[in-house]
Structure formats: structure tokens, C-alpha cells
Amino acid sequence: MTEITHWADVVAEEATTKNKKNVISTGITPSGHIHIGNMREVLTADAVYCALKNKGEEPDFFYIADNYDPLRKVYPFLKEEDYAQHVGKPISEIPCPCGQHKSYADHFLEPFIAAMETLGIHPEVKRTDELYKAGKFVDAIKTALKNRDAIAKILEEVSGKEVQEDWSPFNPICEGCKRINSAKVTGFDEAEETVSYDCPACGTSGKVSMTGGGKLTWRVEWPAKWKILGVTAEPFGKDHASSGGSYDSGIRISREIFNNEPPLPIVYEWIMLGEKGAMSSSSGVVVSISDMLDVVPPEALRFLIMKTRPEKHIKFDPGQPLLNLVDEYERLRDKEEPSEFEKRIVSLSQSKDVKQSKIPFKQMVTIYQVAGGDLDKIDAIAKRSGFDEDPEIINLMAHNVGLWLDKYAPSFAKFGVKDTVPVQAASLTNTQRAFLKAFADELLAADKELGPEDIQRIVYETKEPASPISKKMEEYAGGEIPAEEIDTKNFFSAIYTALLGQPSGPKAGWFLTSFDNSFLVVRFKEAAEYRP
RNA sequence: GGGCCCAUAGCUCAGUCAGGCAGAGCGACUGGCUUUUAACCAGUCGGCCUAGGGUUCAAAUCCCUAUGGGCCCGCCA
């Protein structure tokens, strides 16, 4: 097979042949909960950024928070009476829903920035309101206003939509009602760097500065940002990519108005949530990124994005398939002789700032439930199972697993170790009772720590009449045990019944090593005597 | 109406840029570890690469067309 090049390296290759220095940019409007789909954008950008660095480049990586955009409407998660008055105002200028953040925008932005940290993504974060307020857009605003007609013509040609007579590439913030989407531009003064307007909504007329007095409309602002930041590559969702969409118009505005070459587009597909369809804030199909990071180890989430080409749909299902995803990642990470391509995916999934426990997620699912979620017990079990790790890292994964079990795990993956002998123990047969007693003796008699294989072996030795456990069973049963009852299935079942109150569970040897030996001895003896 | 993306094993997908033996993981099945349980190891099964045409010595790959699915063209990635 010919060597496969990872998509991020393909993009990086193309970028380096086109540009001497590359600037990756990405931007999201923090108008609502930022979800896992948005994370694809920054992770896609991060992949290309890493690939460029691996090629010896020194690229820049910006994350632009479009917090100067207006609040479009009162979203379902907002209170009508609180936010109706703020519709149309820039989200950087309206109050935070919880009162803990500087602004509405920061309320959603801050958790997202924290999530990027968790995932090992470190772009230079810029807020659009700060760029405007610092005057970075002044030149672009002047250029746009002077070329208003040419831009309007491009927009009409590209999008096929008629541009309104009173359209302007600049949206002033009305000083009367503070809205950014209602005032009509009536003129501008290039030397004074001001724009004058009439606001039909509140009747105000006035003059605002090009520095912080308003913003360019999206289709013009995007190419302006390319020029101002020198963007050479940018991932964006397919909504911008369609013909007549904002990338199309952006190309022409960039070249014809700003005299600047547009960035290399990296179009990515949407993440579908299970069977529910596309992730979308408005339809309510949404898993916020913090919800996701509560459950998925960061490297596994990176892995999901890295292994899939951007233009492919990703089906994300936080139930059983999530377990498989994490498992797949762990297997690949720990693979002895991975291919170059596999190594590449793993290395892009890792980040030096992100640590993930070596304990397989699946095993943690068992450990966690054995320990009943108690962190000290989990640490102890992990040690006993041979994982010598920083408790902090173990606890992080335990936290993930606990929430996963609580929120998404399918019922067959769940079990609970009963605090006392479960009532189901009443149904144990005499042979099973004899087995439990004999088994407890074996555990007690063990002169060393029993490993998973040892435990499995002891159970299977019941089939051998000469084995110590068989002899003890006969003793306890008070006579010879009928051959048809010597069935390991019976015995495993007894073990699960005594601990869980159900006839099956995680592979016994590995399951039992998660427990303290003396606890098992007591429990098995009790269960063997249990009569309601 | 205009456009974009996707379609490869039961499932999830690599492989398409740059044409050269049809691939991986999971699942299933079989076996191994003195051993039916959600661990481990080895192996097997599994595909008209959605369909039809074209280019080529050679096509999953490039070019047309069709079908199915997803989506965009009102500032939701």
C-alpha cells in the first residue's frame, strides 16, 4: 500500500507552497452554548497548525470571537422579559445571563476557551469588539464605504440577491437604542473617521466613530479580517462554502476591494448527534462542549476529529459508540507497530498539555462501579491492578466515567455492587453455596495477591475432582455433588449474584481483582448462609 | 431554481489529491490460554468499491450521467 498522507499534512503542504508564512484563523460567534460541532472548527485549525509546525514553519493561529455581532433574537434558553430589550445590540455589550461574566458573549466564550485549554488548543484569542475598539478596522471601513457600490454589485452577482438601496457595508451602533442592526448610514467623513446615520427604530440621528462605533457587515467583515490579520488558511462550515455563500463573495471582495489574496479554504462537515440529526443550537439538538468534556477524555475527542477527513460527516453518539471510540483510540495509541499513518493520527490526537490516563476507559467503567464512585477506592483499585499513576490523572478519568455512566451508558454496562448481601442470594442452590464457601476459603488461603488469571483458574478447577476447591465443596455440601451441577456457569453466576444481585457481570477474574480480598471472603460466606 | 459534500465488508470508516493486487478497526464466527461470561492472544468469514457510460495498457481513484443520503444559498460551524 502506498503511504497515506494525513489530511492535515495535505493542507499544510498546500499552504506552504502558496505562502511563505501561514496564518490560520478561525472564528465563532458566542451567541449561545458553544457545542462539539464548533469544536470541530478549532480542532481542524489546530491540526493544520500542528502540521505546519511539524514542517518547520512558524505559523500564527488566531481564534476570533465574533462578539460584536448583534443578538439575533431571544433564544429559547433566554428569558423573554430580560432579553427582548437587548435584541439587536452587540453581544459584547449586553449583560451576562448568569451575572458572573463581563458580558453575554463572555458567558459563552469563557467555557469554550477553557475547553480549548483542556483539549490542548492554544490559539491567540482575539475579540472582535476589541479589534474594532482599537481601530484595527478603520482602514477597511474606509475602503468599504468608498467602494460601497462595487461591493453591492459583487454581492448581487455572487448571491443573486438584490441589495437594498440604503444598504451600507457598515452598521453603526445607534447611540439612542444601542442596536447595531437598525441604523441607516447617511454619510461618512474619511478625515474625521466618522459615519453619520439615522435610526428608524428610535428616531435618533447622529455620528459615530469608525473606531468602536459600529462594525462591517459579515460578508465584508470576513474578507477585511483576512487582510488585517494576514489569514492564509481558515476552516469554516459548509454553510459558508456553498455557491453564492459568504466565502464566494469573500473571494471577490478580498481580491477586488481589499486587494488581498483570500485564504485557503478548509471546508468541514457537520457533526451529527446520534440519530437525531445535525447539531444545532436552534433545534435543541445540542451537546455543549463542556458536557462532552465531562465525559470524553480529551485525547479521544481530538482523535475523533483527527481520524476523520473534514468533509466527512461525523456521527457522534455518546452512548455505547463513545465507549468504542475511546477504546479504538487507546488501542491505536498503545499499538506495538503502528503504521506511519496511524502514528500520525495518534500524534495529532495527543497534546503535550493533555494527559490521559493509561487505564483503559472500559476497565475504568468496571473499577468505578466496583468502587461505587469513591475516588480513594478507585485509586486503590487502580494501584492493585498495576496502574501506577498520578491520582489526579486517574481521578480525571474516573470523573469522566462516572458522568458517562450517569448520563449516557446503556443499561447493560451498568451494575452496582450491593452494600449488603442482595436478596437474590436467596435463590442460590446448595451447590452454589458450597462453591462460594469453598471459593472464599481459597481466597483466604492464597499466600500472595491473586491475579485475574489465578481467580479464573480457581473457578475452573471445580471441574477437577482432585483440586482443593472441589474437595472443600464436597465437604461443605456434605457429600458428593451431582456431576450435572459441576458447571462453571453456575459458579460464575453465584459470584455475580452474591455481589451484584444479578446472574452475570464483567469477566470475573478482572472484576474480582478490583475488590479487597477480605471483603470478598466475608461477602461470599454471608451469601452462602443467606436465607430470608 | 442554483450549488456543495458524501456513498467502499454487518457497523464506523481509511484508501480518491498524485490511476498500479480491495484495506483497517469494531462486530460476528472459530480456536488458544487445563478456562462459555464484557480481559488477553491467534485465526476465519465477510466487498459487482451505489448504478450506467467514457478516458486509459491499467479506474474505488480521473471525466460525464443517473440514483440515494446529508446540507447550503436569510450572519446558526
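These numbers come from the heavy atoms of this one structure, side chains and all, not from hydrogens, waters or symmetry mates. All values derive from a computational prediction rather than experimental measurement. Note on naming: letters A, B, ... go to the chains in the order of the sequence lines (proteins, then strands), and numbering restarts at 1 for each one.
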So, [X] and [Y], do they make that salt bridge, N to O below 4.0 Å?
X	Y	answer
A/R344	A/E340	no
A/R331	A/D327	yes
A/K225	A/E221	yes
A/D9	A/K55	no

To the nearest Å, give me how far apart [atom1] ([X]) and [atom2] ([N]) are.
X	N	atom1	atom2	result
A/D248	B/C72	CG	P	16 Å
A/L500	B/A38	CG	C1'	12 Å
A/R72	B/C76	CZ	P	7 Å
A/W7	B/G15	CH2	C1'	17 Å
A/L264	B/C17	CG	P	18 Å
A/L71	B/C76	CG	C1'	13 Å
A/E328	B/C13	CD	C1'	9 Å
A/H6	B/C17	NE2	C1'	15 Å

Using the test salt bridge (Lys or Arg N to Asp or Glu O under 4.0 Å), find all partners of A/E330 that sit at least two apart in sequence or belong to another chain.
->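 Scan of A/E330 (salt bridge (Lys or Arg N to Asp or Glu O under 4.0 Å), adjacent residues dropped) gives none.
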Residues forming a salt bridge (Lys or Arg N to Asp or Glu O under 4.0 Å) with A/K418, sequence neighbours excluded |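 If we apply the salt bridge (Lys or Arg N to Asp or Glu O under 4.0 Å) test to A/K418, skipping adjacent residues, there are no hits.
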Write down the distance separating the [atom1] atoms in [N] and [M], rounded off to the nearest Å.
N	M	atom1	result
B/G10	B/C6	P	22 Å
B/U44	B/A24	P	10 Å
B/G2	B/C75	P	22 Å
B/U50	B/A9	P	8 Å
B/C71	B/C76	P	16 Å
B/G23	B/A60	P	12 Å
B/A18	B/U61	P	15 Å
B/U8	B/U16	C1'	11 Å

For RNA chain B, list all stems, counting runs of three or more consecutive pairs where every pair is Watson-Crick or G-U wobble with both distances under 3.5 Å.
->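 Output for stems: B:1-7 with B:67-73, B:10-13 with B:23-26, B:28-32 with B:40-44, B:50-54 with B:62-66.
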Looking only at side chains, do [X] and [Y] share a donor and an acceptor under 3.5 Å apart?
X	Y	value
A/S246	A/R219	no
A/Y268	A/E41	yes
A/E389	A/S357	yes
A/E234	A/W222	yes

Any idea which of [options] is nearest the [X] side chain?
X	options	value
A/W270	B/C73, B/C71, B/A24	B/C71
A/H240	B/C75, B/A77, B/A18	B/A77
A/K315	B/U12, B/C75, B/C71	B/U12

Quick one: label A/S31 by what it contacts on the DNA or RNA (base, sugar-phosphate, nothing), any heavy atom closer than 4.0 Å.
->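 Result for A/S31 = nothing.
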Indicate, with a heavy-atom threshold strictly under 4.0 Å, whether A/N171 touches base, sugar-phosphate, or nothing.
->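 Touches a base.
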So which protein nitrogen or oxygen atoms get under 3.5 Å of nucleotides 39-42 of chain B's nitrogens or oxygens?
{"unit_1": "B/A39", "atom_1": "N7", "unit_2": "A/K507", "atom_2": "NZ", "d": "3.2"}
{"unit_1": "B/A39", "atom_1": "N6", "unit_2": "A/K507", "atom_2": "NZ", "d": "3.4"}

5'-most by nearest nucleotide on RNA chain B - A/Y496 or A/K307 |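 Counting from the 5' end, the first nearest nucleotide belongs to A/K307.
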Given RNA chain B, 5'-ward residue of the pair A/F491 and A/T308, judged by closest heavy atom |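 Result of the comparison: A/T308.
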Is a side-chain N or O of A/R72 found less than 3.5 angstrom from the main chain of A/G88, in a donor-acceptor match?
->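 Checked: no pair found.
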Step by step, work out the salt bridge (Lys or Arg N to Asp or Glu O under 4.0 Å) result for A/E157 and A/K153.
-> CA-CA 6 Å; A/E157 284 172 13; A/K153 187 158 170 282; 3.1 Å; yes
Check whether any side-chain nitrogen or oxygen of A/N324 sits under 4.0 Å from OP1 or OP2 of B/C26, and answer yes or no.
->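 No, outside the criterion.
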Sort me out a list of protein N/O and nucleotides 4-7 of chain B N/O pairs below 3.5 Å, or just none if empty.
{"unit_1": "B/C5", "atom_1": "O2'", "unit_2": "A/E311", "atom_2": "O", "d": "2.8"}
{"unit_1": "B/C6", "atom_1": "O3'", "unit_2": "A/K312", "atom_2": "NZ", "d": "3.1"}
{"unit_1": "B/A7", "atom_1": "OP1", "unit_2": "A/K312", "atom_2": "NZ", "d": "2.7"}

With sequence neighbours excluded, tell me which residues meet side-chain hydrogen bond (donor to acceptor under 3.5 Å, both in side chains) with A/K184.
->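 Counting only residues at least two positions away or on another chain, A/K184 forms no side-chain hydrogen bond (donor to acceptor under 3.5 Å, both in side chains).
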